[in-house]
Protein chains: 4
Amino acid sequence: MSAGDEGPCTKERRGPGRPRSVECQTAVLRATAELLDEGRYVEVTMEAIAKRAGVAKQTLYKWWPSRARIVMEAYREKVGGTIRIADTGDFDQDLERLMIETATGLRRSSDGLRGLGAVLAGLIADAQNDVELLEEFKTSYFEPRRARVVALVEGAKARGELPKDADVELVLDLLYGPIWVRLLVGHAPLDAKFAREVVANVLRGLRAGAPARRSK
Amino acid sequence: MSAGDEGPCTKERRGPGRPRSVECQTAVLRATAELLDEGRYVEVTMEAIAKRAGVAKQTLYKWWPSRARIVMEAYREKVGGTIRIADTGDFDQDLERLMIETATGLRRSSDGLRGLGAVLAGLIADAQNDVELLEEFKTSYFEPRRARVVALVEGAKARGELPKDADVELVLDLLYGPIWVRLLVGHAPLDAKFAREVVANVLRGLRAGAPARRSK
Amino acid sequence: MSAGDEGPCTKERRGPGRPRSVECQTAVLRATAELLDEGRYVEVTMEAIAKRAGVAKQTLYKWWPSRARIVMEAYREKVGGTIRIADTGDFDQDLERLMIETATGLRRSSDGLRGLGAVLAGLIADAQNDVELLEEFKTSYFEPRRARVVALVEGAKARGELPKDADVELVLDLLYGPIWVRLLVGHAPLDAKFAREVVANVLRGLRAGAPARRSK
Amino acid sequence: MSAGDEGPCTKERRGPGRPRSVECQTAVLRATAELLDEGRYVEVTMEAIAKRAGVAKQTLYKWWPSRARIVMEAYREKVGGTIRIADTGDFDQDLERLMIETATGLRRSSDGLRGLGAVLAGLIADAQNDVELLEEFKTSYFEPRRARVVALVEGAKARGELPKDADVELVLDLLYGPIWVRLLVGHAPLDAKFAREVVANVLRGLRAGAPARRSK
DNA sequence: AACTAATCGAGACGGTACGTCTCGTCTTTTT
DNA sequence: AAAAAGACGAGACGTACCGTCTCGATTAGTT
C-alpha cells in the first residue's frame, strides 16, 4: 500500500526532506468521501478534493493517477468490509444473500444521485473514457469482488451443487449483469426481490439439462 | 397518408419564421457520426461538431440539449435498421439471433475505442452525470430496443413457448445485463458464443420448474 | 422627417408593393427611447429594440444602418426642441443660457448611467469604433447643434460683440470641449456654475487683446 | 526604508506559491501593444491578446479586470515618458509646449484609426459602458496627466503668472476639453496651431479682469 | 380578379467574443 | 524531499449579439 512506511525501528535514518505525511493521505480520502456523500459524483473534482483536504493539487497527482483512483480508494475504505461473504456450505443461500446485499447496497436514492451506487456508476462512467482507469477499475474493484463469487461457485461445483462444466465467467456476468443494468439505467427497482429472482433464474438455468429447447 | 392534398396543411401547419434547415441538421449528424468514427467519444465535443459541420454552436444548443443527445440521434441514424427483428414463430431462434446481433454489433475493437459499442458506452457514461440525459437515453434508445424484445416475449408466451407468468422486465435485464457488463468492462469477449450461452441459460432458467432448488 | 408623406399632390409616383409602415417606425423609436430610459446604453441592443418594438430585426437593418443611428433618431425626437435658442441681441446672455442648458441637460444622474448625457456619451463611444457612425454623428447631431452657436457667434461678430477675426471652429471647441470632458469623465459637476465659468473665460479670452503674454 | 536587510523582507514578504510570471505579463503587454499598432482598437479582444501572447485567457482575467485595463497598461508602458514636462519658470511656454505635444501626440492618422489618439479614444469609449473602468481610467490615466499640469499651474500662481484664485479644475477642463473634442470627433485638425490657440485663449481669459462683459 | 412587388413579423443561421471552468503541469517558499 | 500555494497553458463550456438569410402573411399598385 502506498503510504504506510512500516519502518524497522520506526527510526530508520531518513534522508533530508520532509517525509510523506500520512495525514495528508487520510485527509484526501476523507475529503473525497465527504464530497461523495454531499454531492454528485461529477462535482468531486481534483480541485474540490484538494481544497477540501487542504492539500495541494500536485500532491494528489503525486500519489494518485486520477480522480477516479482516489474515489475508488476512498470508496473501498468506506465499504470495504461491508459485504461479508459467508461460505456456509449452502451455495444457493450464500449466493442469494450476497447478491441481495450487493443489489440493495447499490440502490439509488430517490433523487438518483447519492450513495454507493452513484459512486460505482460514476466510476464506470469515467472508465469509459479512460483506458487506464478501466484497467484500474478492473484490477482494484471489479475482479476482487468477482473473485469472492468465484470461490463460492468453485465450492459449489466441488460439492456438486453446480455442474462441473459451468463457465464461471459466464455465471458471474449472468448474475452481475442484470444488477448493473438497473444500477446504470434505473428503469426498475434494485431490490431484494429482484436479486432473488435473478439468482433463482440463473441457478435454474445452470442446473436445467442441456436440452433446454422446449419444443421440437 | 392518403391524398388529403391541400398542401400546406399536410406540412402540419408550420408557424412563421424561417424553417429549420434540414441541411444543417444532416450536416450536424453526419459530422457527429464522422467524429465518432474517427476518434474517441470524449473527443466529440460541441465545439468539434460545430466546426466540422460548419455550423454555429448556438444552432447546436438550439436543437439539441446536450452533446449526448446529438450522438444518440447520429447513432440512431447510423444503426437504426441494422438489427432486423424477425418474428418467425420460433422464439428461441429469433431471440438468439437478435442477441447475437446485438452483442457482436457492440463488440469493441482491439483498441477498445471505436464503434457502436464505444458510442453506447459513452452515452451510458454521460447519462450517469446527467439525469435528464438518462431520461432521454431511456426514452430514445433503451426502451425502444427493449420493446422489440418485449414483443417477441409476449408472442412466445401466447404460443406457450414461455411461461405465462414470466416477468418481462426481469427477462430483459437477464438478457441484456450480461452484454452490458462485457461492453462496459471488456473483461471477456462479446461474441456470438457468449450471446448464445446467455440466451440458453436464461431460457432454461425461465422454463425450468419453480422448484429450482436442487438439494434439500 | 423621413417617412411622413404629406402629400396628395406630391404623390411622387410610388411603385407597387406594400408601403413602409409608419407604426413600425414609431414603435421602434418609442421602444428605443424606453430602453434608453430604463437601462444603460449598452443594453440597448438591436435584439432588445426589435423585441420591445415587436418588430423584426430585418426591419431595423432595412431602415437604419446601425443601432446608434436609431438611438440618435429616438434621442432627437425626445429632445429635439428642448433647448430653444434665443437670439435676443445680447450675445453673452444668449450664449450663457444656451451653454447652461446644454450642460445641465447632459448632467449625469447619481448612478452615472441614465439620461441624455448617458445617451450622448454612448453615441460618442460607439462612434469611436465605427467610422461611418462617426460621420453620421457629425452630420446628424454634432454639426446641427454647433450650427446654432455659429449663428449666434456670427451675429455677435456683426454687432461687434466679438472680434471679427475670431475662429468660430475654435470658439466652439473652447465652449463645448470642457463640457464634453466632464460628461465623459464625470470628474467634476456639470452644472450651471461650471457652464457660466466656461463661457466667461472663453469670452474674456476672445476679447482680451492679442498681447496675451503677460511677461516678456 | 533603512537597511533592515534580512533579505526576504526587502521583497515585501511574498507568501508561498508560484510567483506571478513576469514574462507572462510582459508578453501580454507586448502583444497588446502590437495589436494596437496593427489594427483597430475593437480588434484588440481578450481572445486575440491571449493568442498573440501565448497565454491562457484565464491568466488575463486573473490579472486584469478588463480588456481596457490591459490596453491602459500597455499604453502607459508605450508612452509613459514620452511627454517630458519641463518647469522652466516660464509658465506660458511650458504649458504651450506641453499642450502642443499632447495634441500632436494624439493626432489621428489619415484613416482615423491608429495611434495613441485612437487608443485613448477607444479607452474613453469603453469607459462609457463600464463604471469601474471609468474609475480606473480616471485614476490611472486621467488624473496623473492632469496632476502634472496642476503642478505647473500652481507654480505659475506662486510666481504671479496666474491669478491666485484661478480654479485649477476649471483650467484643466478648458485646456483639455477642446483637444478631447477634436480627438473624439475629428472635425478639425489636432495640430500645434490649434493647441497654441487654445492655450492663448485660455490664458487670456484667466488673466483678463473679472469684468469681462464688454457691453452694458 | 389576378398578378406583381414591396413590407413586415418571425426566427433560423454562421460567426465571433465573452467570461468561466477544470485539467494537469510548473515554480516558488516552507517545513 | 515533500508539502502547500497557486500561477500557468490549454481548451471546452454555454451565452450573447451581430448581421444575414429564408419563410409565410400582408398590402398596395399594375394588368
Side-chain angles (χ1 to χ4, degrees), chain A residues 14-21 23-24 42-43 45-48 50-51 53-63 65-67, chain B residues 8 11 13-21 23-25 27 42-43 45-51 53-63 65-67, chain C residues 13-21 23-24 27 42-43 45-48 50-51 53-63 65-67, chain D residues 8 11 13-21 23-25 42-43 45-48 50-51 53-63 65-67:
Chain A
R14 197 160 34 67
R18 181 173 175 177
R20 177 171 179 192
S21 134
E23 303 88 54
C24 155
V42 77
E43 293 162 358
T45 65
M46 287 303 238
E47 223 109 275
K51 190 170 186 183
V55 144
K57 273 202 298 176
Q58 191 72 310
T59 307
L60 297 184
Y61 287 105
K62 189 162 185 47
W63 301 110
S66 67
R67 167 181 74 153
Chain B
K11 312 191 137 181
R13 195 68 189 101
R14 189 162 45 66
R18 178 174 175 176
R20 177 174 178 184
S21 146
E23 304 88 56
C24 157
Q25 186 180 356
V42 272
E43 292 163 358
T45 64
M46 287 302 236
E47 214 109 296
I49 295 173
K51 190 169 188 181
V55 144
K57 274 202 292 177
Q58 278 274 273
T59 305
L60 296 185
Y61 288 105
K62 187 155 193 42
W63 299 113
S66 65
R67 168 182 73 149
Chain C
R13 197 69 189 101
R14 186 159 46 68
R18 180 174 174 175
R20 176 174 179 186
S21 137
E23 304 88 53
C24 156
V42 77
E43 292 162 358
T45 64
M46 287 304 236
E47 221 110 278
K51 189 170 189 182
V55 144
K57 273 203 297 176
Q58 191 73 307
T59 306
L60 297 184
Y61 287 105
K62 187 158 188 48
W63 302 112
S66 65
R67 168 181 72 151
Chain D
K11 313 191 138 185
R13 196 72 187 98
R14 188 160 46 65
R18 179 175 176 176
R20 177 175 178 184
S21 148
E23 304 88 55
C24 158
Q25 186 178 357
V42 273
E43 292 162 357
T45 65
M46 287 302 236
E47 215 109 293
K51 189 169 189 182
V55 143
K57 274 201 294 177
Q58 191 87 100
T59 305
L60 297 184
Y61 288 105
K62 187 156 192 46
W63 299 113
S66 66
R67 167 183 72 150

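Computed from a prediction, not measured in an experiment: that's the story for all the values here. Order of the sequence lines fixes the chain letters, A, B, ..., with proteins taken first and strands second; residue numbering starts at 1 for each chain.
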Query raised in the report: Between Ser21(B) and dC13(E), does any side-chain N or O lie under 4.0 Å from OP1 or OP2?
Result: yes

**Report entry** Interatomic spacing from NZ in Lys57(C) to NZ in Lys51(C) - rounded to 0.5 Å
**Finding:** 12.5 Å

Query raised in the report: How long is the gap from NZ on Lys62(B) to SG on Cys24(B), to the nearest 0.5 Å?
Result: 11.0 Å

Report summary line: Between CD of Glu23(B) and P of dA12(E) the distance, given in whole Å, is 15 Å

Query raised in the report: Whole-Å distance between dT22(E) P and Glu43(A) CD?
Result: 10 Å

Requested in this report: Grab the CG-P distance between Leu60(B) and dG14(F) for me, whole Å please.
Outcome: 10 Å

Report summary line: Result for 5'-nearest mapping on DNA chain E, choosing between Gln58(B) and Pro19(D), is Gln58(B)

Query raised in the report: So what does Lys57(D) hit on the nucleic acid, given a heavy-atom distance under 4.0 Å: a base, only sugar-phosphate, or nothing?
Result: base

Requested in this report: Side chain of Tyr61(C) only, please: which of dT20(E), dC18(F), dC8(F) is the nearest?
Outcome: dC18(F)

Query - Position toward the 5' end of DNA chain F (nearest nucleotide), Pro65(C) or Thr45(B) - result: Thr45(B)

Report summary line: Tightest non-hydrogen contact, residues Ala56(D) and Ala50(D), listed as C-CB, 4.4 Å

Query raised in the report: In whole angstrom, what separates Met46(D)'s CE from dG19(E)'s P?
Result: 6 Å

Report summary line: Closest to the side chain of Ala56(A), out of dC21(E), dA4(F), dA12(E), is dA4(F)

Requested in this report: Could you tell me the separation between the CH2 atom of Trp63(B) and the CZ atom of Arg20(B), rounded to the nearest 0.5 Å?
Outcome: 5.0 Å

Report task. For Pro16(B) and for Ala53(D), find the nucleotide of DNA chain F with the closest heavy atom, then tell me which residue's nucleotide is more 5'. Result -> Ala53(D)

Query raised in the report: Is Trp63(C) near enough to dC8(E) that one of its side-chain N or O atoms lies under 4.0 angstrom from OP1 or OP2?
Result: yes

Query raised in the report: Which heavy atom in Thr45(D) sits nearest to a heavy atom in Arg67(D), and how many Å separate them?
Result: CA-CD, 4.3 Å

Requested in this report: Return the nearest nucleotide to the side chain of Glu47(B); candidates are dT28(E), dC8(F), dA12(F).
Outcome: dA12(F)

Query - Shortest side-chain distance from Thr59(A), nucleotide among dA3(F), dC8(F), dC13(E) - result: dA3(F)

Query raised in the report: Whole-Å distance between dG9(E) C1' and Lys62(C) NZ?
Result: 14 Å

Query - Per Cys24(B) side chain, nearest of listed nucleotides dC8(F), dC13(E), dA17(E) - result: dC13(E)

**Report entry** Residue Arg18(B), side-chain atoms from C-beta onward, closest of dC8(F), dT7(E), dG11(E)
**Finding:** dG11(E)

Query raised in the report: Toward the 5' end of DNA chain E, which comes first, Ser66(A) or Gly17(B), by nearest nucleotide?
Result: Gly17(B)

**Report entry** Length of the CZ-P vector between Arg20(D) and dT28(E), whole Å
**Finding:** 15 Å

